[in-house]
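Worksheet: the structure to be examined is printed underneath.
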Amino acid sequence: MNDSNLFKNYDVGLLLLRIGVGLVFVVAGWGKLNGIEGVQGFFGNLGIPMAGIMAWVVALVEFVGGLMVLVGAKARIPNLLLAIIMVVAIFTTKLGDFDISSADVRVDILMLLITLSLALMGSGKYSVDAKF
């Protein structure tokens with residue numbers, strides 16, 4: 001198999017990953033923005049420093065970053081920020097009960113790995129970045 005056959009669907013694959021990750025984080029961020037007081041309390045209960053501010057940071061990064069990933073606009077940066085959010089989520093909410101058979105743990109691990117992969121690979125040719 002030559003390289004052109006191997007990579008002919010590369011950009012379609014990146015687009016599909018961006019759509020999936022982008023939608024997940026847009027929805028998660030929107031939910032946090034619409035229930036920010038609850039998120040602030042939850043972060044406070046977890047012992048996250050500056051819980052009130054961090055709730056806003058996470059909600060905005062998830063929502064705006066998710067939109068940026070979805071359309072492929074400077075997506076390496078939000079993917080890295082979203083990966084950091086996933087690492088913190090795993091360590092603060094899942095580590096004590098780390099059970100790989102738990103769907104929540106598996107989803108968080110997948111989101112971490114996909115955001116890191118997209119940060120490394122970029123947005124591909126079906127993106128805002130490629131158009132400009």
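The chain is numbered in sequence order, starting from 1. Every heavy atom of this structure was used, including side-chain atoms; hydrogens, water molecules and symmetry mates were not.
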Measure the shortest side-chain to side-chain distance between Leu70 and Phe25 over non-hydrogen atoms and say whether it is less than 4.5 angstrom.
no
Any heavy-atom pair between the side chains of Met111 and Val21 that's under 4.5 Å?
yes
So, the side chain of Arg76 versus the backbone of Leu118: is there a donor-acceptor pair under 3.5 Å, distance only?
no
Does Asp11 use its side chain to pair, donor to acceptor, with the backbone of Lys125 at less than 3.5 Å?
yes
Single-linkage hydrophobic cluster [X]~[Y], side-chain heavy atoms < 4.5 angstrom:
X: Val87; Y: Leu81; answer: yes
X: Ile19; Y: Val107; answer: no
X: Ile84; Y: Val64; answer: no
X: Leu46; Y: Val57; answer: yes
X: Leu116; Y: Leu17; answer: yes

Nearest heavy-atom pair of [X] and [Y]: which atoms, and what distance?
X: Gly22; Y: Val69; result: N-CG1, 4.1 Å
X: Ser123; Y: Gly72; result: OG-CA, 3.5 Å
X: Gly44; Y: Ala51; result: N-CB, 3.4 Å
X: Asp129; Y: Ala75; result: OD2-N, 3.9 Å
X: Ala59; Y: Ile36; result: CB-CD1, 4.1 Å

Gap separating the [atom1] atom of [X] from the [atom2] atom of [Y], nearest 0.5 angstrom:
X: Met121; Y: Leu14; atom1: CE; atom2: CG; result: 5.0 Å
X: Lys32; Y: Gln40; atom1: NZ; atom2: CD; result: 13.0 Å
X: Leu15; Y: Tyr10; atom1: CG; atom2: OH; result: 13.0 Å
X: Ile90; Y: Leu112; atom1: CD1; atom2: CG; result: 5.0 Å
X: Leu23; Y: Arg18; atom1: CG; atom2: CZ; result: 11.0 Å
X: Asp104; Y: Thr93; atom1: CG; atom2: OG1; result: 8.0 Å

Passes side chain to side chain contact (heavy atoms under 4.5 Å, CB included), Val58 versus Phe43? Steps please.
CA-CA 10 Å; Val58 169; Phe43 281 14; 3.8 Å; yes
Between Leu33 and Leu60, is the side chain to side chain contact (heavy atoms under 4.5 Å, CB included) condition met? List the steps.
CA-CA 7 Å; Leu33 289 170; Leu60 289 170; 4.0 Å; yes
For Trp30, the ring-ring contact (aromatic ring centres under 6.0 Å, His included) test, sequence neighbours excluded, returns Phe63
